[in-house]
Amino acid sequence: MFSLPRHLTLETSSEALAHIHDSNSAENGSIGFVRTMDIRPLETHHSLDERSLNDIISSGLSSPRPPRQLETVKSSECLEALLSPSIRSSTGTPREHHAFEPHPMIGDAWEALRRSMVFFRTKPVGTIAALDPTEDSLNYNQVFVRDFVPSALAFLMNGEPEIVKNFLLKTLRLQSIEKRIDCFTLGEGVMPASFKVLHDPVRKTDTMIADFGESAIGRVAPVDSGFWWIILLRAYTKSTGDHTLADMPDCQRGMRLILTLCLADGFDTFPTLLCADGCCMVDRRMGIYGYPIEIQSLFFMALRSAKSLIKAEGEGKEFLERIDKRLHALSFHMREYFWLDHTQLNNIYRFKTEEYSHTAVNKFNVIPDSIPDWIFDFLPLKGGFFIGNVSPARMDFRWFSIGNFMAILSSLATSEQASAIMDLLEARWPELVGDMPLKVSYPAMEGHEWHIVTGCDPKNTRWSYHNAGSWPVILWMLTAACIKAGRPQIARRAIEQVETRLAKDGWPEYYDGKLGRYVGKQARKFQTWSIAGYLVAKMMLEDPSHLGMIGLEEDKKMKPSLTRSASWTA
Ligand code: GLC
């Protein structure tokens, strides 16, 4: 079939097998035990340069097609077909192996990823956030739901779904326990931010302990966890073709409970989800309270994923109707009010205020003087993006990578908007990608603004950590989004930049500086999602059919009639 890549020798595998690390002996050690397993070689396929997305769909079909220019092909037409197990297995023969010399980092990354695995009663259930021997572990010795997503995708892409299934089932159990903070009981559907496994070597028992925000710094609520859980359940189902997990009554109920939290009637006048600061990947005070783009994109993607998983029977039927209504309203709201390009900025700049009527143009009474200076220079004539937040008299014009890439992957962004986001990335490469991909947000807050907004957070100083720091993990989302938008060369350029440093620097959690040139002030080394993010990016570029597990086709029914900001058609 294919030979073992040079760096993945059997010696390496057996060495790895022998390595058993019982973290109970480590300071603060609370994970049961973390151990490595054998390393599976990556299957390799044509790179995207060589194949169009149409070709990808027919991967597995025996006669190779002549190479085509990928740039002319949009994936949105065929995403549902991607990764369909039935298509993958249609030939009954293994996929062809083409001469491909894997980057030496890949072997190291797999070893490090396997070392990060966490076991519960001998079964793998997740990956630890970071395995940095030089730093106090704090809560980095836990399995974070959001951090596990790239690990899960890497395992799925490598044909190892078991750990993902175990993770989904274990977190589902954790969801069902009663959650209390002081005297307050949290909603039933809340999923944990993270969990740890306590291993008692004497009694030989493992115990799982979850954090729903009660132990987290600042008691931050993980609004994103439930969404990631649903998205991962779909990825597992798409990748394995195994519907029995999602069809289980417990999984159906788990999804309904998560959705109950965000589809409940309240005082809302918008279909977006109102959140507290620090409710997602940015889990410290950073002025993202209100309607942060990351949550809105994940919400949208979770709704679309749930729509494909919830059974249209019993309670499920009503949920499906509510999902449809919300998706419709949410896509309109986001595409209309969060989207910013040159034309729209010019409109806002000329907004009249204090309009009182249904025909108001300036719906949220945004005062043009509140537009920050930097955005006028930053926004190119060609290009656009979803801004950070929109609420009464407040538009947060900052760029947030995760929200924008997840908008592309979920097709919250129309294909024109996806292209415009790619144009922006190309036009503002030094600012958004820099030396080490990729800025979590842009630009940094400093001075008085930093004082007020972050509460003088010493970890979130300008160009560091969540305050416009650079996070290698975002590479996988960038890569997936680029493939979906038909612009894989952008991802390739970013991956090449990552390959010059990431492994040499010890897989840091984040980088600091305007160009992301410095290993972050307090960055952990051997941060698992930096490792897994790289692997996922590489595997996707090599075999773009993996996109099917994390990408969703555009739903033509949801296309709103956009009346303004049409610069992307220029
Ligand atoms: C930091 C990140 C958060 C992540 C956690 C564990 O707190 O902000 O998103 O889940 O570290 O890696």
Side-chain angles (χ1 to χ4, degrees), residues 28 30-31 34 112-113 116-118 126-132 135-153 167 171 191-196 210-229 231-232 275-289 292-295 297-298 400-403 405-406 438-441 444 454 457-461 464-477 506-512 519-534:
N28 269 343
S30 46
I31 298 289
V34 182
L113 180 61
S116 76
M117 284 164 86
V118 172
T127 50
I128 198 169
L131 258 182
D132 186 345
E135 291 277 338
D136 182 8
S137 63
L138 289 174
N139 57 347
Y140 283 85
N141 60 9
Q142 306 201 9
V143 179
F144 280 74
V145 171
R146 71 177 74 87
D147 292 43
F148 181 65
V149 173
S151 300
L153 295 176
F167 169 88
T171 41
M191 278 281 178
S194 62
F195 65 84
K196 58 184 167 187
D211 179 11
F212 293 90
E214 72 271 33
S215 320
I217 297 163
R219 290 221 159 148
V220 72
V223 177
D224 61 339
S225 285
F227 297 150
W228 281 122
W229 188 88
I231 294 166
L232 199 53
C275 302
D277 218 339
C279 56
C280 47
M281 182 273 179
V282 175
D283 60 359
R284 295 166 81 96
R285 190 173 147 190
M286 268 297 293
I288 64 157
Y289 64 89
I293 179 67
E294 180 180 334
I295 288 295
S297 293
L298 290 175
F400 287 89
S401 290
I402 299 178
F405 296 145
M406 293 314 287
L438 208 76
K439 289 268 166 47
V440 64
S441 59
T454 72
D457 188 344
K459 208 167 170 181
N460 273 333
T461 49
S464 182
Y465 203 48
H466 301 138
N467 191 4
S470 299
W471 291 68
V473 60
I474 304 173
L475 189 67
W476 81 260
M477 294 185 213
W507 308 96
E509 180 186 14
Y510 65 96
Y511 285 76
D512 285 357
V519 173
K521 220 177 352 186
Q522 293 187 42
R524 294 292 186 291
K525 297 282 184 80
F526 294 95
Q527 182 79 20
T528 303
W529 68 2
S530 299
I531 297 164
Y534 168 71

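Counting starts at 1 for both ligands and their atoms, following the listed order. Heavy atoms only: backbone and side chains are in, while hydrogens, waters and symmetry mates are out.
Between Trp471 and ligand 1, no N or O atom pair is found at a separation short of 3.5 Å. Residue Phe144 places no N or O, backbone or side chain, under 3.5 Å from any N or O of ligand 1.
The ligand atoms of ligand 1 that sit less than 4.0 angstrom from a heavy atom of Tyr140 are 1 (C), 11 (O), 12 (O).
Heavy-atom distances between Gln527 and ligand 1 reach below 4.0 Å in at least one pair. Heavy atoms of Glu509 approach ligand 1 to within less than 4.0 angstrom. Ligand 1 has His466 within reach: a non-hydrogen atom of the residue lies less than 4.0 Å from it.
With a 4.0 Å cut-off on non-hydrogen atoms, Arg284 does not touch ligand 1 at all.
Looking only at atom types and distance, the side chain of Tyr140 has no donor-acceptor partner in the side chain of Glu135 under 3.5 Å away.
In terms of protein heavy-atom proximity, atom 4 (C) of ligand 1 is closest to Asp147 OD1, 3.4 Å. The protein heavy-atom contact nearest to atom 9 (O) of ligand 1 is Met281 O, 2.8 Å. Scanning the protein for heavy atoms near atom 1 (C) of ligand 1, the closest one is Tyr465 OH, 3.1 Å. Closest to atom 7 (O) of ligand 1, if we only count protein heavy atoms, is Asp283 OD2, 2.7 Å.
For the pair Thr528 (side chain) and Ile128 (backbone), a donor-acceptor distance under 3.5 Å is present. Remark: side-chain polar atoms of Arg524 are paired, donor with acceptor, to backbone N or O of Asp136 under 3.5 angstrom. Side-chain atoms of Asp132 never come within 3.5 Å of backbone atoms of Phe526 as a donor-acceptor pair (strictly under, hydrogens ignored). Of the possible polar contacts, one joining the Asn460 side chain to the His466 backbone as a donor-acceptor pair under 3.5 Å is found. With hydrogens and angles ignored, the 3.5 Å screen pairs no side-chain donor or acceptor of Asp147 with any backbone N or O of Ala129.
Met477 places a side-chain heavy atom less than 4.5 Å from the side chain of Ile402.
Taking the six-membered ring where the residue is Trp, Trp471 and Tyr510 present parallel rings, their angle staying beneath 30° rather than reaching 60°.
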